[in-house]
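Small disclaimer: the values here were computed from a predicted structure and weren't measured. In what follows, chains carry the letters A, B, and so on, assigned in the order in which the sequence lines appear, proteins first and then strands, with residues in each chain numbered from 1.
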Amino acid sequence: MTSRPRHLFVTTALPYANGPFHIGHIMEYIQADIWVRFQRMVGNKVHWMGADDAHGAPIMLKAESEGITPEQLVTRIAADRPKYLEGFHIAFDNWHSTHSPENTQLTQRIFRELQEAGLVYVKAVEQFFDPVKNMFLADRYVKGECPNCHAKDQYGDTCEVCSKAYEPTDLINPYSTLSGATPVRRTSDHYFVKLSEPRCKQFMREWLNAEQNGKPRLQPAVRNKANEWLEGEGDQALTDKDISRDAPYFGIPIPGATGKYFYVWFDAPIGYLASLKNYFDSGKARANGEERSFDEFLAAPDVEQIHFIGKDIIYFHTLLWPAMLKFAGEKVPDNVYVHGFITVSGAKMSKSRGTGISPLRYLDVGMNPEWLRYYIAAKLNANVEDIDFNPEDFIARVNSDLVGKYVNIASRMAPFIAKFFDNRMPPLPAGSRGISAALEHQAAIRAAFDEREFGKAIRLTMEVADAVNAEIDVYKPWILSKDAANNPDNLKKLGEICASSMATFKALTLFLKPILPALAEQAEGYLNSGPLDWNLFERGDAASLLPAGHHFGTFKPLITRVDPKQLDALFESANEAAKKTAEAPASGPGPTPQAASAAEITVDDFAKLDIRIAKIVAAETVDGADKLLKLTVDIGDAQRTVFAGIRSAYTPEQLAGRLTLVLANLKPRKMKFGTSEGMVLAAGPGGKDIFLLSPDAGATPGMKVK
RNA sequence: GGCUAGGUAGCUCAGCUGGUUAGAGCGUGGCACUCAUAAUGCCGAGGUCGUGGGUUCGAGUCCCACCCUAGCCA
């Protein structure tokens, strides 16, 4: 507050425009949104840009399979974005697209500047070419037999069976996954950025290890990782980056090179700048108080350029992107803040297993977006760590902290204030545990927000809330209120605890405001305070928090508790949605839902499934899991333990001794209760309607299904 | 395989540059209270800080090895 405001150009990773947001995107946005709101509350100027990452072969192919143009696909996906962003109170200043005139212009400009800097060269590359689709094939579109262990149907980069890495051209009997055709080798000129050049490496070395505002610009884990890539030797050495793709490709044309396009990862980060340019050109920046032009702003030394990203794209943001900007003569990024992934109940997100949480479903089942914001904030810190969404933990955390501790303070004081003090602020007592705690912690809370240690900010905030609740218990206002009407001493004491509680409540509202903007706004309504910001603590004394005589608004319940049933609904619908996508993957307007079936696979794909007749030797319930049964199955040559989510439809007694089908080569999965070594096959929508498959008479355990 | 990080109470996590009986919240057991959205307060149980070595007067905190988890190897 005393220093000049910082000017922050903030971005979050551009979501790939071939699908809707998932919980991972939302987590990143929530992290950045909290940070951005906090920065605004301490008086800094923030410009937060988002955009769709629209280019690349996957989008082109997906559009083609739906019979629409890539532009139509991208437009359709983009149309859904506001639902999510508004739904979770994500306050971007601008949302744009990499498929835009701004991005074309900037990308081509940066490319030319890199050329002039002597960092671009052309080299012939031999690659597989699909003679049917008439296009070059990226590694993931080529499959064949592993040259090392001879496993069939391995991708063009590494073998999933023996983990051997190789070139796609090493595959035996390769085929295109797009057409099935045998690809031919063909040579084409590609453009490369010379990252391996000494001055380039020297720059990256300096950039990676530099300090920013007296602190390392990168988190230590990120810096270590990037340094490792940068300093690698031999076959680990940093290689030049291939930045071109041949037509057909959905992307930005390379100037002066017919039939060549920029690889999507070249123009994607430039999309940050394109969104910023669009923000300036459309007048939004000016409306947001920024008087400079786009070019002035981008080059200004006082503007900090900060990227929030996930740990999967560290390479691009800490090596390629800074180097691109540097040698194009642009200002380089100041910070890259990296976060981990979000898991659900310890399992990695997986649409096919239905463990992911759909953000839209979350809103549809009526859950409060601020619950999720709070929960995620409580788990976030500045490290590159994965965080886990645990349903029980979620309920406990939200209900206990937000309802039981924070909102409860206003809720338990409001009636007294209305009844005994004409809904006005009584005079503060000399000492107050709550206010002291708030004043003591406010600087640390502020620092924690700035450092993205949101979990720490919340811990400290809850300490303040605990202090007030304990203080209320000492005063016992419910006893004071009994004769306060004709006992001046008790009336005074009642006033003290009301005043202390409400002043602290105001501070707590401020602390939580970056995380809970809508709730804070309601609380501000009751506090009749106007929008709170960190100026509240400028004077640092208790009396300035909330002056005596201040008139409060009408108290209304601020937030409801989480109902466990809502979480059940969330996961049920997630499971149903997952089943639907499993049945009709990316089919768009094709067959009707009832007729929907899975995408076509080959006999070879089917052969990968080791489905066997199995005898259920034993079945038992699992303590602590009301959906699971623990089954011991005989699959011929072995007995396996399998956990099956069929308890809603079967009792252990119904199962013991019967035959069924088991997928025996499913990767074993560790669960809270043990390891599940296979999957029992069943059909049905769920609940009581789950139907286990059975073989006809005569089948014996171990027989393979084929 | 190499590398990067992490493994602290049932659960989720704090523990700064090594220093007295290792902390919090949730959950759990008991008590108190009833103003409040069955909210709140107090007391208690619960950890050989992944394992094994080492350095040190002293290590969850430093070093080595190993095990497990996650991720990266573009």
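- Comparing A/R459 and A/F316 against RNA chain B, the residue whose closest nucleotide sits nearer the 5' end is A/R459.
- No engagement by A/V222 is indicated, since no non-hydrogen atom pair under 4.0 Å with the nucleic acid exists.
- Spacing of C1' atoms, B/G1 relative to B/G23, comes out at 40 Å, to the nearest Å.
- Between A/R199 and A/L119, the closest side-chain pair of non-hydrogen atoms falls below 4.5 Å.
- At least one side-chain heavy atom of A/R397 sits under 4.5 Å from a side-chain heavy atom of A/I458.
- To the nearest angstrom, P of B/C11 lies 11 Å from CG of A/D393.
- Map A/I559 and A/W229 each onto its nearest nucleotide of RNA chain B; the residue landing nearer the 5' end is A/I559.
- Taking the C1' atom of each, B/A22 and B/G30 are spaced 25 Å apart, rounded to whole Å.
- Salt-bridge annotation for A/D240 and A/K123: absent, with no side-chain N of the basic residue lying under 4.0 Å from a carboxylate O of the acidic one.
- B/G27 and B/C68 have their C1' atoms separated by 26 Å, given to the nearest Å.
- Remark: C1' of B/G71 and CG of A/D312 are 10 Å apart, rounded to the nearest angstrom.
- At B/A39, one or more side-chain N or O atoms of A/R561 fall inside 4.0 Å of OP1 or OP2 (strictly under the cut-off).
- A distance-only check finds a donor-acceptor pair linking the side chain of A/H339 to the backbone of A/I309 [under 3.5 Å].
- Using the Watson-Crick or G-U wobble rule with both distances under 3.5 Å, B/A14 pairs with nothing in any strand shown.
- The separation of B/U8 from B/A59, taken at their C1' atoms, amounts to 14 Å, rounded to a whole angstrom.
- Within the 4.0 angstrom heavy-atom criterion, no nucleotide atom of any strand lies near A/L320.
- Here the separation of B/C72 from B/U61, taken at their P atoms, is 29 Å to the nearest Å.
- Under the 6.0 Å cut-off for aromatic ring centres, A/Y191 and A/F266 do not qualify, their centroids lying 6.0 Å or more apart.
- The pairing partner recorded for B/G41 is B/C31, the criterion being a Watson-Crick or G-U wobble arrangement whose two distances lie under 3.5 angstrom.
- Rounded to a whole angstrom, the distance from the P atom of B/C62 to that of B/A74 is 32 Å.
- B/U55 and B/G18 are spaced 12 Å apart, taking the C1' atom of each and rounding to whole Å.
- Listed pair A/N224 / B/C72 fails the phosphate criterion, with no side-chain N or O lying under 4.0 Å from OP1 or OP2.
- In this structure, the CD1 atom of A/I376 is 13 Å from the P atom of B/C13, given to the nearest Å.
- Counting any heavy atom pair closer than 4.0 Å across all strands shown, A/K456 reaches no nucleic acid atom.
- Among the heavy atoms of the strands lying under 4.0 Å from A/T239 is at least one base atom, whether or not backbone atoms are also near.
- A distance of 6.0 Å or more separates the ring centres of A/F421 and A/F416.
- For the OP1/OP2 pair of B/U37 and a distance below 4.0 Å, the side-chain nitrogens and oxygens of A/N399 include no atom meeting the criterion.
- Remark: B/U55 base-pairs with no nucleotide in the shown strands. Criterion, Watson-Crick or G-U wobble with two distances under 3.5 Å.
- A side-chain donor-acceptor contact under 3.5 Å links A/D386 to the backbone of A/F341.
- Counting non-hydrogen atoms under 4.0 angstrom, A/I314 reaches nothing in the nucleic acid.
- Nucleotide B/A9 forms a pair with no other nucleotide shown, judged by Watson-Crick or G-U wobble geometry with both contacts under 3.5 Å.
- When all heavy atoms of A/E471 and A/G434 are compared, the pair lying nearest together is OE1-N, 3.2 Å.
- At a threshold of 4.0 angstrom between heavy atoms, the contacts of A/K476 with the nucleic acid are absent.
- Using a 4.0 Å cut-off on heavy atoms, the residues of residues 461-474 of chain A that approach RNA chain B are A/N469, A/A470, A/D473, listed by number.
- In A/K194, the NZ atom is not crowded: 12 or fewer heavy atoms of neighbouring residues, nucleotides or ligands sit closer than 6.0 Å.
- The residue A/K225 sits close to a base: some heavy atom pair falls under 4.0 Å.
- B/C67 sits 24 Å from B/C11 when the P atoms are compared, rounded to a whole Å.
- Straight-line distance from the CG atom of A/L230 to the P atom of B/U4: 15 Å, rounded to whole Å.
- The backbone N or O of A/L372 lies less than 3.5 Å from a partner atom in the side chain of A/Y362, making a donor-acceptor pair.
- Whole-Å rounding puts the A/L558 CG to B/A39 C1' distance at 14 Å.
- A/K556 has its NZ atom 18 Å from the C1' atom of B/A36, to the nearest Å.
- Using a 4.0 Å heavy-atom criterion, one finds that A/P557 contacts the bases of the nucleic acid, with or without backbone contacts as well.
- Of all nucleotides present, only B/C72 satisfies the Watson-Crick or G-U wobble test against B/G2, with each distance under 3.5 Å.
- Spacing between atom CZ of A/F416 and atom C1' of B/U34 amounts to 10 Å, rounded to whole angstrom units.
- Between A/N227 atom CG and B/A74 atom P there is a gap of 18 Å when expressed in whole angstrom units.
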